[in-house]
There are 2 protein chains.
Amino acid sequence: MSAEKPVAETFTITDLAGEFKVTPRTIRFYEDKDLLAPQRNGMNRVYTRRDRARLKLILRGRRLGFSLADLKEMLDLYDLGDGQVEQRRVLLKRARKQLAELEAQRRDINDTIRDLKGVIDHVAESLRAQGINEQAA
Amino acid sequence: MSAEKPVAETFTITDLAGEFKVTPRTIRFYEDKDLLAPQRNGMNRVYTRRDRARLKLILRGRRLGFSLADLKEMLDLYDLGDGQVEQRRVLLKRARKQLAELEAQRRDINDTIRDLKGVIDHVAESLRAQGINEQAA
DNA sequence: ATAATACTTTACGTTTACGTCAACGTCAAC
DNA sequence: GTTGACGTTGACGTAAACGTAAAGTATTAT
């Protein structure tokens, strides 16, 4: 009898696992690595929307090839926005460094996309030149 | 007595390792996985500019988080542009699928960059609001 | 002749990110 | 009261991507 509304107040581990197409094992593993820290209801883990947002960020980072250690640092960046002055200065430096790396990665992606488009155009053209349809007969 | 010009005709394994900041072990490992197939001069490997280009592509792919298995497929895409018609049709489909994935990844990156910029702006602003310089005293 | 340098193969070790049982707790339904 | 359904904690297994010796070969320098 779980609510079907877009977002509930809290989530169970299988809720999140189902939503993001990962196994509960994965989510527990992230907790073991201190990337998540859900509350408990007795023995059971209870995830807030904030936990859910963190998980989303972790999985996005993983798709971009970042290690869990990297992602822990990035999450700490998001967390420590209300620290002491010196802490925030350090945070700012790290965040800008991280930003530079992401922009470098974006350049890599753009280059790769351009190359791949070149291949596609070339092959598509070579098929057209022979008067061949792209779809099979 | 190695030439210092930007590009030579052929390269040794340590040439490439030096240029791309990886170890020879890494390059040999890629060969073992059939991502590279350099010529031999006796026992020693000899890399052409084409091999070098492949290595460059592999390393760029790795920075984007692709597995070596993924990259082998992608390299095959680049290679098979002159195959039979049916082969090229398959190639075209795969290439377009690959392109779609890359564009999805670019969206992930753009989202992440946007989030991170938000953090930076927020923290920088909070420091300015207190009349604090970003650099330490 | 020998030492240094550069390269080779073989093989076992390591880290990361989980997968896969196994055994147990808890609550609702039958 | 036992059977699921869902959750829990270990603990061991594993695939990927190299790292790290160990031991041999080939060329070059002295």
Side-chain angles (χ1 to χ4, degrees), chain A residues 1-4 8-48 51-52 54-75 108, chain B residues 1-4 8-48 51-52 54-75 108:
Chain A
M1 197 183 273
S2 64
E4 296 294 344
E9 275 303 305
T10 63
F11 310 88
T12 172
I13 196 167
T14 34
D15 285 347
L16 294 185
E19 178 175 359
F20 294 116
K21 309 286 184 188
V22 297
T23 66
R25 175 72 178 93
T26 297
I27 298 178
R28 290 191 199 104
F29 184 75
Y30 293 163
E31 179 176 348
D32 194 57
K33 296 294 169 181
D34 293 323
L35 296 173
L36 294 173
Q39 300 302 113
R40 296 290 178 126
N41 180 7
M43 297 185 67
N44 294 11
R45 292 169 173 81
V46 176
Y47 298 87
T48 66
D51 293 322
R52 179 168 163 277
R54 286 176 74 93
L55 177 57
K56 197 172 180 179
L57 209 149
I58 293 166
L59 296 173
R60 193 175 67 184
R62 293 252 61 215
R63 288 197 301 273
L64 295 178
F66 291 103
S67 72
L68 295 186
D70 290 340
L71 291 169
K72 181 167 165 43
E73 269 217 57
M74 294 176 65
L75 285 169
D108 274 338
Chain B
M1 197 186 274
S2 65
E4 297 292 342
E9 275 302 305
T10 63
F11 310 88
T12 171
I13 195 167
T14 35
D15 285 347
L16 294 185
E19 178 175 359
F20 294 116
K21 310 285 183 190
V22 296
T23 67
R25 175 71 178 94
T26 297
I27 299 178
R28 289 191 199 103
F29 183 75
Y30 293 163
E31 179 176 349
D32 195 58
K33 296 294 169 180
D34 292 322
L35 296 173
L36 293 173
Q39 300 303 112
R40 296 290 179 129
N41 180 6
M43 298 186 67
N44 294 10
R45 292 168 173 83
V46 177
Y47 297 88
T48 65
D51 292 321
R52 179 169 163 277
R54 286 176 75 92
L55 177 58
K56 197 172 179 178
L57 208 149
I58 294 166
L59 295 174
R60 193 175 66 183
R62 293 253 60 216
R63 288 197 300 274
L64 295 178
F66 290 103
S67 73
L68 295 186
D70 290 340
L71 291 169
K72 181 166 164 47
E73 268 217 58
M74 294 176 65
L75 285 169
D108 273 339

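Lettering of chains follows the sequences in order, A, B, ..., and the numbering in each one begins at 1. This is a predicted model, so every value here is computed, not measured.
- For the pair A/Arg62 and C/dT16, the criterion of a side-chain N or O lying under 4.0 Å from OP1 or OP2 is not met.
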Scan nucleotides 20-27 of chain C against the protein and return all N/O pairs shorter than 3.5 Å with their distances rounded to 0.1 Å.
unit_1: C/dT20; atom_1: O4; unit_2: A/Arg25; atom_2: NE; d: 3.0

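- Rounded to whole angstrom, the span from the CD1 atom of A/Ile27 across to the P atom of C/dA17 amounts to 16 Å.
- Between the CZ atom of B/Arg25 and the CD1 atom of B/Ile13 there is a distance of 10.0 Å, given to the nearest 0.5 Å.
- Distances shorter than 4.0 Å separate none of the side-chain N or O atoms of B/Arg45 from OP1 or OP2 on C/dC7.
- Here A/Thr26 reaches the OP1 or OP2 of C/dG19: one of its side-chain N or O atoms lies under 4.0 Å away.
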Which atom pairs, one a donor and one an acceptor, fall under 3.5 Å between side chains of residues 59-74 of chain A and the rest of the protein, sequence neighbours left out?
unit_1: A/Arg60; atom_1: NE; unit_2: B/Thr112; atom_2: OG1; d: 3.0
unit_1: A/Arg60; atom_1: NH1; unit_2: B/Asp115; atom_2: OD2; d: 3.4
unit_1: A/Arg60; atom_1: NH2; unit_2: B/Thr112; atom_2: OG1; d: 3.4
unit_1: A/Arg60; atom_1: NH2; unit_2: B/Asp115; atom_2: OD2; d: 2.9
unit_1: A/Arg62; atom_1: NE; unit_2: A/Phe66; atom_2: O; d: 3.3
unit_1: A/Arg62; atom_1: NH2; unit_2: A/Phe66; atom_2: O; d: 3.4
unit_1: A/Arg63; atom_1: NE; unit_2: B/Asp108; atom_2: OD2; d: 2.7
unit_1: A/Arg63; atom_1: NH2; unit_2: B/Asp108; atom_2: OD1; d: 3.0
unit_1: A/Arg63; atom_1: NH2; unit_2: B/Asp108; atom_2: OD2; d: 3.2
unit_1: A/Ser67; atom_1: OG; unit_2: A/Ala69; atom_2: N; d: 3.4
unit_1: A/Ser67; atom_1: OG; unit_2: A/Asp70; atom_2: N; d: 3.1
unit_1: A/Ser67; atom_1: OG; unit_2: A/Asp70; atom_2: OD2; d: 3.3
unit_1: A/Asp70; atom_1: OD2; unit_2: A/Ser67; atom_2: N; d: 3.3

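- Residue B/Arg54 holds its CZ atom at 13.5 Å from OH of B/Tyr30, rounded to the nearest 0.5 Å.
- In this structure, B/Ile27 CD1 and B/Phe11 CZ are separated by 11.5 Å, a value rounded to the nearest 0.5 Å.
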Under a 3.5 Å cutoff on both atom distances, Watson-Crick or G-U, what's the dot-bracket for DNA chain C ([ ] crossing, | other strand)?
||||||||||||||||||||||||||||||
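- Annotation: proximity of residues 28-38 of chain A to DNA chain D (heavy atom, distance under 4.0 Å) is found for A/Arg28, numbered in ascending order.
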Side-chain donor-acceptor contacts of residues 31-44 of chain A below 3.5 Å, not counting sequence neighbours, with atom names and distances?
unit_1: A/Glu31; atom_1: OE1; unit_2: A/Arg45; atom_2: NE; d: 2.6
unit_1: A/Arg40; atom_1: NH1; unit_2: A/Met43; atom_2: O; d: 2.8

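- In this structure, A/Leu55 and A/Phe20 have side chains that are in contact, with non-hydrogen atoms separated by less than 4.5 Å.
- Taking the side chain to side chain donor-acceptor pair (under 3.5 Å) definition, one finds that A/Thr12 meets it with nothing, sequence neighbours left out.
- For the pair A/Ile13 CD1 and C/dC18 C1', the interatomic distance rounds to 13 Å; values are reported in whole Å.
- Judged as a salt bridge (Lys or Arg N to Asp or Glu O under 4.0 Å), and not counting sequence neighbours, B/Arg28 has no contacts.
- Against DNA chain D, the stretch residues 63-75 of chain B makes heavy-atom approaches under 4.0 Å through B/Ser67, B/Leu68.
- Remark: A/Thr14 pairs with no residue by the side chain to side chain donor-acceptor pair (under 3.5 Å) rule, at least two apart or across chains.
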